[in-house]
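Just so it is clear, the values below take in all heavy atoms, side chains as well, and ignore hydrogens, waters and symmetry mates. Here the structure is a predicted model, which is why all the values come from computation and not from measurement. Residue numbering restarts at 1 for every chain, and letters A, B, ... go by the order of the sequence lines.
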Protein chains: 2
Amino acid sequence: MTRVLVVDDEPQITRALVINLKARKYEVDTAPDGATALQLAAARHPDVIVLDLGLPDMDGVEVIRGLRGWTRVPILVLSARHSSDEKVEALDAGADDYVTKPFGMDELLARLRAAVRRAEPTGGGEDDVIVTTEDFTVDLAAKKVNRAGRDVRLTPTEWHFLEVLVRNAGRLVSQKQLLREVWGPSYGTETNYLRVYMAQLRRKLEADPSHPRHFVTEPGMGYRFER
Amino acid sequence: MTRVLVVDDEPQITRALVINLKARKYEVDTAPDGATALQLAAARHPDVIVLDLGLPDMDGVEVIRGLRGWTRVPILVLSARHSSDEKVEALDAGADDYVTKPFGMDELLARLRAAVRRAEPTGGGEDDVIVTTEDFTVDLAAKKVNRAGRDVRLTPTEWHFLEVLVRNAGRLVSQKQLLREVWGPSYGTETNYLRVYMAQLRRKLEADPSHPRHFVTEPGMGYRFER
DNA sequence: GGCGTCTTTGACAGAACCCTGACGCCCGGG
DNA sequence: CCCGGGCGTCAGGGTTCTGTCAAAGACGCC
């Protein structure tokens with residue numbers, strides 16, 4: 001199910017959006033200000049964010065920048081301002097689309113669909129959505145891991161952790177980067193999380209967990225997934 | 001350079017777009033109708049398409065469908081129609097954005113930048129910078145060193161040390177500069193650190209560590225990396 | 001409210017790493 | 001010839017980092 005984060009301080013707009021989105025089987029979170037928005041974005045990992053630029057606590061563009069520091073989630077900006085400069089500023093800060101109020105609900109939903117659609121994993125392309133090693137297979141699209149013919153059960157955090165590593169196959173991923181991507185931008189020093197979850201992944205996926213072949217530790221720097 | 005395909009049958013609009021795009025260092029192709037557009041898209045593989053819906057030979061939505069059959073290239077629709085239905089139809093057919101005429105050039109260009117930006121490859125986007133010598137290769141992005149087909153393990157300090165030298169390939173790096181960059185700004189005289197770590201790097205990377213070819217000592221001055 | 005799953009913490013042993021001091025070599029100058 | 005400075009090498013010990021385990025908290029579901 002697609003998860004949407006609606007950020008707006010006007011209750012009637014928020015309510016209208018929530019009703020329409022829920023009717024179309026979206027999962028919806030709402031935030032009345034920028035701080036809550038950033039926090040919820042990190043905690044809930046929405047698939048798309050609808051962001052009103054006129055927030056009580058901070059400039060909407062700052063919210064965009066705060067998000068773009070660590071995620072590429074589609075951002076659909078909503079604003080009462082029609083000025084070209086405002087649009088350009090928001091778009092260049094990292095917004096994906098800009099809709100002026102008052103807006104047509106049908107159009108907004110269509111733009112939302114478009115934003116979600118193009119953020120989906122590279123479909124027909126030659127990108128390998130499935131990563132194979134000698135010991136197991138990771139299907140990034142289906143969110144499935146297979147080992148010796150059996151599907152392996154991963155918890156949400158385990159999967160997220162694995163995904164970051166696999167998407168950077170061969171590259172070193174720093175501890176800070178892992179923490180930020182999996183737990184959110186306010187994390188960066190809780191390396192014990194990494195140790196615990198790395199151990200879980202190795203236990204579930206490595207042929208010999210005590211001598212990992214695919215999940216390599218680079219002491220003091222981070223971890224690396226090798227196929 | 002980013003390649004744009006402009007599809008429009010009105011010469012004055014096409015011309016205005018071409019001028020503005022070329023001024024911003026885009027490479028531009030133009031097509032006056034749908035058939036030409038589909039053909040050029042296949043032949044030239046543009047990074048983004050600006051598509052007017054009102055074409056003489058076929059319905060604009062058909063062009064979108066024709067493109068989406070084989071490519072995910074961003075499509076920015078341009079149209080005189082303001083109706084919500086039209087927008088929804090185009091967006092759901094696979095368009096990425098919808099701008100109504102008359103449009104502001106600044107806004108259009110900003111939307112174009114947004115469309116191109118999000119189509120960029122994921123994963124931070126940093127290109128793999130690989131430095132090669134006869135004896136080993138250094139991948140600065142993946143933080144990987146390969147020698148004779150095997151990955152060489154470097155400690156954090158060793159890697160940092162190597163990185164500074166490699167980024168200044170061919171240039172002399174003074175002792176003070178090395179110490180400051182690797183150990184921090186309060187260091188500058190602890191040349192024994194350098195001797196120790198230089199020895200480690202040579203032992204791990206040089207074919208003949210006692211007669212280094214790539215890590216050259218400039219007595220009294222500093223070190224130099226030569227490929 | 002009870003239960004199972006998942007996440008977060010804390011503690012600890014073992015491993016990896018970094019600093020340090022000692023020593024020998026080379027070379028130019030006294 | 002002797003001496004001193006700069007450099008390369010080596011190994012020990014303190015420090016940090018990692019793997020592992022267990023248990024407490026948080027959460028959702030029935």
B:Arg81 atom CZ, over 12 foreign heavy atoms within 6.0 Å: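 Result for CZ/B:Arg81: open.
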Between [Y] and [X], does any NZ, NE, NH1 or NH2 come within less than 4.0 Å of an OD or OE carboxylate oxygen?
| X | Y | result |
| --- | --- | --- |
| A:Arg113 | A:Asp97 | no |
| B:Lys144 | A:Glu226 | yes |
| B:Asp96 | B:Arg68 | yes |

Which of these nucleotides, [options], is closest to any side-chain atom of [X]?
| X | options | answer |
| --- | --- | --- |
| B:Val196 | D:dT20, C:dC18, D:dC10 | D:dC10 |
| A:Trp183 | C:dT20, C:dT8, D:dC7 | C:dT8 |
| B:Pro156 | C:dC6, C:dC18, D:dT20 | C:dC18 |
| B:Pro219 | D:dC7, D:dT20, C:dT20 | D:dC7 |
| B:Tyr193 | C:dT7, C:dT9, C:dC19 | C:dC19 |
| B:Tyr197 | C:dC18, C:dT7, D:dT20 | C:dC18 |

Nearest-Å distance for atom pair [atom1]/[atom2], residues [X] and [N]:
| X | N | atom1 | atom2 | result |
| --- | --- | --- | --- | --- |
| B:Leu179 | C:dC19 | CG | P | 10 Å |
| A:Glu206 | D:dT20 | CD | P | 11 Å |
| B:Arg203 | D:dG8 | CZ | P | 13 Å |
| A:Glu158 | C:dT8 | CD | C1' | 14 Å |
| A:Met198 | C:dT7 | CE | C1' | 17 Å |
| B:Glu190 | D:dG8 | CD | P | 17 Å |
| A:Leu194 | C:dT7 | CG | P | 14 Å |
| B:His211 | C:dC26 | NE2 | C1' | 13 Å |

By the 4.0 Å heavy-atom rule, please label [X] as base, sugar-phosphate, or nothing.
| X | value |
| --- | --- |
| B:Thr191 | nothing |
| A:Arg153 | sugar-phosphate |
| B:Phe215 | nothing |
| A:Tyr187 | nothing |

Atom pair CG/OH of A:Leu162 and A:Tyr197 - distance to nearest 0.5 Å: 13.5 Å
Using only side-chain N and O atoms of [X], determine if any of them is under 4.0 Å from OP1 or OP2 of [N].
| X | N | result |
| --- | --- | --- |
| B:Thr155 | C:dC18 | yes |
| B:Arg202 | D:dG8 | yes |
| B:Thr217 | D:dG8 | yes |
| B:Gln175 | D:dC7 | yes |

Donor on one side chain, acceptor on other, A:Ser210 and A:Asp208, under 3.5 Å: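 A pair is found: one side chain offers a donor N or O, the other an acceptor, under 3.5 Å apart.
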